[in-house]
Amino acid sequence: MRLPAFRLPRAPTALVVALLLAQPGAALAQADPFGALYTPPHGAAPAKDASSGRTGSTSVSGAVGRSYANAQASGQVSLAQLDMMPDNAPPLPVALQGQATRYLANRPKIVIPGYTLAFVHGATASAFGGGAGLDTNKRRTQIATRLVGLTDDMAQDIADQAYDDLVRQLQAAGFEVLDPAAQLASEQMQGLARYGGTFGGQGIIDSRATKAWVVYGPRALPPIKGHAFETGMGAVAASGALLRFGRSSRDLDAIIISPRVLIDYIDMESTGQRVYSGSASVDAELRFGINPKSQVDFVWGNNNGGAMPGWFTTKGAYTPQPFGILAQTADRSDSIATHNALVSVGFGSIYRQSLVYDAEVSPKRYAALSWAAIQGFNAALVAEIRKARGQ
């Protein structure tokens with residue numbers, strides 16, 4: 001049997017995917033048949049952090065070849081059941097690797113001018129097979145997902161908590177941390193360029209997956225330009241921030257510390273773009289954790305106003321704890337009839353599979369795991385600072 005072909009843009013980006021996902025469509029997930037066991041009594045208002053109660057899967061895959069096209073889902077989970085799980089989790093163990101950590105001991109105080117917290121909101125991965133040998137049977141498959149269930153208010157609250165928690169942990173370790181008002185004693189800090197609100201970005205990270213994220217900062221300290229997971233020319237602003245950090249460090253007699261944490265919800269793998277293969281596949285699996293793009297920048301300003309930078313990186317940290325489902329919202333694969341008609345008139349055998357999923361989370365569970373990830377990240381940072389200062 002010959003297979004159909006669905007035509008998508010040759011190089012889809014996360015932004016394109018986001019626009020496609022914004023179109024309305026019926027979600028192909030089922031309601032939990034036992035959902036009444038978890039929902040409030042008739043007439044009672046649902047909990048503010050309650051999910052839709054749908055059931056779905058924890059992993060999906062798409063595969064295409066010369067004579068087949070498959071899509072599979074596994075790991076059925078009910079959001080209603082996830083809503084009943086505890087709203088707390090132990091801090092996530094995080095390992096940090098430092099560079100130039102000796103600078104952390106060169107000033108007594110600590111200034112945290114911002115805490116960049118970003119959430120992955122969309123992810124897509126595709127794979128292509130150009131055909132084996134002399135047989136041209138072009139096959140492409142793509143899986144796109146979008147995060148559902150995290151509101152701006154939730155994300156903003158978590159960003160506030162992240163900053164406050166780092167301050168508390170540092171103070172508990174005996175460090176003097178200057179509050180936002182005290183930071184303004186430095187004119188350099190006053191002139192620091194910041195975004196007016198949230199900031200969005202996208203890029204190819206995690207092997208071949210393209211992901212889109214939204215950046216938040218504490219309400220009192222909006223995201224700093226150059227420290228908000230920018231890509232391309234947007235990252236150039238980091239050089240201007242570095243100079244101001246160096247002078248502020250001297251003026252305030254403090255080390256400047258700027259954390260950046262990227263919370264991720266999915267792991268995606270693909271076979272990539274293969275010209276001499278007649279098959280292609282993509283796999284997507286829900287996995288909560290801290291993405292390896294997360295890092296911490298710190299600056300010691302010497303007495304001449306020079307900026308001496310250092311940083312911490314991580315290989316990421318993940319947890320197997322459940323927090324959401326994948327529910328198919330669209331199948332935009334090519335029609336078999338159209339494919340066969342094109343083949344019959346000599347256009348060749350081309351098939352493109354395109355699957356779209358909501359990654360819907362239980363808000364309570366997602367918030368709990370986010371808080372656990374942040375606590376673990378902050379604890380690892382404080383431990384490294386103590387080590388650098390010989391404590």
Side-chain angles (χ1 to χ4, degrees), residues 1-29 56-57 59-74 121-147 202-212 266-286 326-359:
M1 176 183 296
R2 294 187 178 274
L3 299 172
F6 180 68
R7 288 166 175 74
L8 289 173
R10 293 184 179 275
T13 66
L15 181 58
V16 171
V17 171
L19 292 174
L20 290 174
L21 293 176
Q23 298 178 10
L28 305 182
S57 305
S59 65
V60 296
S61 62
V64 291
R66 177 178 178 181
S67 59
Y68 66 88
N70 297 322
Q72 295 182 336
S74 60
H121 273 245
T124 180
S126 63
F128 172 78
L134 298 176
D135 189 14
T136 303
N137 291 278
K138 296 179 180 180
R139 299 288 182 260
R140 180 177 293 278
T141 181
Q142 175 177 274
I143 291 178
T145 71
R146 68 166 182 174
L147 187 69
Q202 62 179 358
I204 299 176
I205 58 177
D206 297 344
S207 184
R208 300 183 178 98
T210 298
K211 295 186 176 180
I266 197 162
D267 183 35
M268 303 190 80
E269 299 289 341
S270 86
T271 54
Q273 311 300 306
R274 302 186 298 179
V275 178
Y276 301 107
S277 173
S279 62
S281 64
V282 174
D283 300 293
E285 181 177 10
L286 291 178
L326 290 169
Q328 185 176 318
T329 58
D331 183 347
R332 299 191 173 105
S333 304
D334 280 348
S335 113
I336 294 176
T338 300
H339 169 267
N340 290 340
L342 291 174
V343 171
S344 67
V345 295
F347 277 92
S349 176
I350 300 173
Y351 173 71
R352 294 183 181 181
Q353 180 187 63
S354 177
L355 306 171
V356 182
Y357 293 85
D358 277 351

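Listed by chain and number, the residues in a side-chain contact (heavy atoms from CB on, under 4.5 Å) with Ser74 are Ser59 (sequence neighbours excluded). Scanning for side-chain contact (heavy atoms from CB on, under 4.5 Å) contacts around Asp283 gives Ser61, with sequence neighbours left out. Looking at residues two or more places apart in sequence or on another chain, you find a side-chain contact (heavy atoms from CB on, under 4.5 Å) between Thr271 and Ala127, Arg274, Ala280, Ser281.
Remark: side-chain polar atoms of Arg352 are not paired, donor with acceptor, to backbone N or O of Arg140 under 3.5 angstrom. Between the side chain of Ser270 and the main chain of Ser126, a donor-acceptor pair closer than 3.5 Å is present.
Scanning all heavy atoms of the two residues, the minimum distance from Gly130 to Lys138 falls at O-CG, 4.0 Å. Taking every heavy atom of both residues into account, Ile143 and Gly62 meet most closely at CD1-N, 3.7 Å. Nearest heavy atom pair, residue Lys211 against residue Ala123, reads CG-CB, 3.8 Å. Ala63 approaches Thr141 most closely through the heavy-atom pair N-OG1, 4.4 Å. In terms of heavy atoms, Thr124 sits closest to Met268 at N-SD, 3.8 Å.
Between the CG atom of Leu326 and the OG1 atom of Thr145 there is a distance of 7.0 Å, given to the nearest 0.5 Å. Rounding to the nearest 0.5 Å gives a distance of 4.0 Å between OG1 of Thr210 and CD1 of Ile204.
Two residues are said to be in side-chain contact when any heavy atoms from C-beta on lie closer than 4.5 Å; Leu355 and Val60 fail this criterion. Residues Asp358 and Arg146 are in side-chain contact: their nearest non-hydrogen atoms beyond the backbone lie under 4.5 Å apart. Looking at heavy atoms from C-beta onward, Val282 lies out of side-chain contact with Gln353 at the 4.5 angstrom threshold.
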